[in-house]
There are 2 protein chains.
Amino acid sequence: MDEPKPLRPTSEATLRRLPIYHHLLQKRLATGIKTISCSQIAEELSCDATQIRKDLAVTGIKGRPKVGYDLAALILSIEIFLGWSRVRKAFLAGAGHLGSALLGYNRFHHYGLDIVAAFDRDPDRVGTKVHGREVLPINKLAGLAKRMRVEVGIITVPAPVAQEVADFMVSGGVRAIWNFAPTKINVPAGVIVQNEDLYSSLGVLLQKLSAAHRLR
Amino acid sequence: MDEPKPLRPTSEATLRRLPIYHHLLQKRLATGIKTISCSQIAEELSCDATQIRKDLAVTGIKGRPKVGYDLAALILSIEIFLGWSRVRKAFLAGAGHLGSALLGYNRFHHYGLDIVAAFDRDPDRVGTKVHGREVLPINKLAGLAKRMRVEVGIITVPAPVAQEVADFMVSGGVRAIWNFAPTKINVPAGVIVQNEDLYSSLGVLLQKLSAAHRLR
DNA sequence: GTAGAATCGAGAAATAATTCTCTACTAACA
DNA sequence: TGTTAGTAGAGAATTATTTCTCGATTCTAC
């Protein structure tokens with residue numbers, strides 16, 4: 001079980017598809033089947049079988065001709081590759097609507113993430129509980145992150161204060177930031193930022209809708 | 001002001017970047033400046049100026065050498081291209097944590113979307129109000145969508161019921177679906193689906209974090 | 001005016017991603 | 001014990017995307 005040693009990092013497109021396969025595979029595992037082939041996955045997701053084969057290859061899994069992959073082994077292989085097998089502690093900053101929704105996702109720990117505390121600047125929110133986690137004042141974030149060795153930060157504050165919050169996280173030793181604020185945040189080299197801009201998705205959706213209108 | 005006539009549809013990568021430029025441009029507009037160049041945007045977002053120039057070109061905007069683009073015109077050009085200038089009605093299905101959070105976004109109508117009603121299957125939720133919108137029973141969705149000429153559907157229900165909800169939306173004449181459920185939904189040709197899988201984003205983030213660990 | 005610096009825009013080159021093709025292997029079946 | 005059909009895996013070909021290069025344009029300063 002030697003780790004794949006990628007000279008170049010895996011492409012973002014592949015990384016985004018792996019969780020989609022994972023969802024499907026788990027659904028299939030529940031039905032009791034033991035193996036699955038790329039052609040079957042491709043059929044189900046209406047995409048190309050070769051692409052799936054290449055995607056799965058990055059996780060280091062080996063399949064057998066005429067049979068496919070061992071389902072349980074494949075799921076595990078994806079989980080290990082994506083880093084879901086080791087649960088990492090996360091702090092969430094911004095206990096508004098979206099932040100609360102994320103705190104309500106109680107399956108994140110199956111996907112490698114444990115949101116251990118929430119932070120907010122609003123004194124009315126501080127001290128309340130959201131889905132079982134107490135909301136702490138934002139100025140405690142950096143110190144606590146360092147003490148608790150928190151690796152991941154989640155930003156759900158408004159855009160104008162996102163950079164400030166990111167700076168707190170970085171100074172607390174956070175190594176990866178999941179940024180839901182629609183703004184660029186600057187971090188030192190080595191800190192990973194994953195932007196999650198709802199307006200970008202909405203833009204894609206509505207542009208396609210507009211383009212479809214235009215064609216008729 | 002002739003529309004750009006793309007032989008091929010604009011790439012998803014470009015569509016995703018346009019809203020990011022839009023955010024920055026609006027921030028700059030507030031400072032009172034009148035024009036902006038690709039090099040300035042590139043500097044701010046730490047990316048390539050040529051890429052920005054090509055991205056902006058798809059909207060049909062024209063710039064002037066040595067000056068750049070007229071800021072207000074550029075913002076408008078992006079908004080028109082993305083379909084944000086015409087507000088479309090949307091129904092949201094699934095008034096749970098995430099659904100409520102989306103209903104709380106009160107700026108969507110600036111981005112071409114007006115969520116006019118929410119639907120849910122849970123009788124305890126039906127009849128309550130979430131951020132000013134009454135929650136209606138899911139079996140009314142299709143009929144109302146047709147009557148109100150709703151064009152967009154937002155799915156924030158659990159994965160196992162996502163397909164069923166999508167079918168309701170399609171039968172109600174919805175032409176584009178924003179799917180937050182981590183599962184594939186099947187729709188007839190011509191209906192646009194934009195998947196928004198949080199677990200995919202999380203996968204990207206955590207894999208990069210794991211890979212960074214492995215390198216040390 | 002004229003020179004120089006900055007920028008757009010278009011096409012070429014380089015890079016990355018996807019899809020195609022072929023070979024070798026495995027299981028089921030006659 | 002062949003024979004056949006289905007599949008993984010590797011590499012080639014194709015396609016898409018990003019980056020580079022260069023000429024044309026326009027503003028600023030002298």
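Every chain is numbered from 1 and lettered A, B, ... according to where its sequence line falls, protein lines coming before strand lines.
Rounded to whole angstrom, the span from the NZ atom of A/K54 across to the C1' atom of D/dG11 amounts to 7 Å. What separates CD1 of B/I52 from C1' of C/dG9 is a distance of 15 Å, to the nearest Å. Atom NZ of B/K62 is separated from atom P of D/dA24 by 17 Å (rounded to the nearest Å). Regarding B/E43, its CD atom lies at a distance of 11 Å from the P atom of C/dT7, rounded to whole Å. If you take CG of A/D55 and C1' of C/dA16, they are 14 Å apart, rounded to a whole angstrom. Taking atom CD1 of B/I41 as the reference point, atom P of C/dA6 lies 18 Å away to the nearest angstrom. Rounded to an integer number of Å, the gap from A/D48 CG to D/dT14 P is 16 Å. Rounded to whole Å, atom P of C/dT7 lies 15 Å from atom CG of B/L74.
Note on B/A49: nothing from the nucleic acid sits closer than 4.0 angstrom, heavy atoms only. As judged by a 4.0 angstrom heavy-atom cut-off over every strand, B/T14 is placed among residues making no nucleic acid contact.
Side chain of B/T50, nearest nucleotide from D/dT19, C/dC8, D/dG9: D/dT19. Among D/dA8, C/dT7, C/dG11, the nucleotide with an atom closest to any side-chain atom of A/R53 is D/dA8. The side chain of B/K66 lies closest to D/dT28, out of C/dT26, D/dT19, D/dT28. Closest approach to the A/C38 side chain among D/dA8, C/dT19, C/dG11 is made by D/dA8 (side chain taken as heavy atoms from C-beta onward). In this structure, the nucleotide among D/dG11, D/dT18, D/dT17 sitting nearest to the side chain of B/Q51 is D/dT18.
In terms of modelled atom types and a separation under 3.5 Å, the side chain of A/S200 and the main chain of B/R16 share a donor-acceptor contact.
Tested against A/T156, the residues A/D120, A/L92, A/V165, A/N179 include a single side-chain contact (heavy atoms from CB on, under 4.5 Å) partner, A/L92.
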Working for side chain to side chain contact (heavy atoms under 4.5 Å, CB included), residues A/Q207 and B/L82 = CA-CA 4 Å; A/Q207 195 279 336; B/L82 290 179; 4.0 Å; yes
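Annotation: of the two residues near DNA chain C, A/E12 and A/P65, the 5′-most nearest-nucleotide partner is A/E12. For B/I61 and A/S11, each mapped to the nucleotide of DNA chain C holding its nearest heavy atom, the one lying further toward the 5' end belongs to B/I61.
Contact detail for B/R214 and A/F81: the closest heavy-atom pair is NH2-O, 3.6 Å.
Close to D/dT7, at under 4.0 Å from its OP1 or OP2, lies a side-chain N or O of A/S37. Distances shorter than 4.0 Å separate none of the side-chain N or O atoms of B/R16 from OP1 or OP2 on D/dT17. The side chain of A/R8 places an N or O atom within less than 4.0 Å of a non-bridging phosphate oxygen (OP1 or OP2) of C/dA16.
Side-chain contact between A/L198 and B/W178 is present, with at least one heavy-atom pair separated by less than 4.5 Å.
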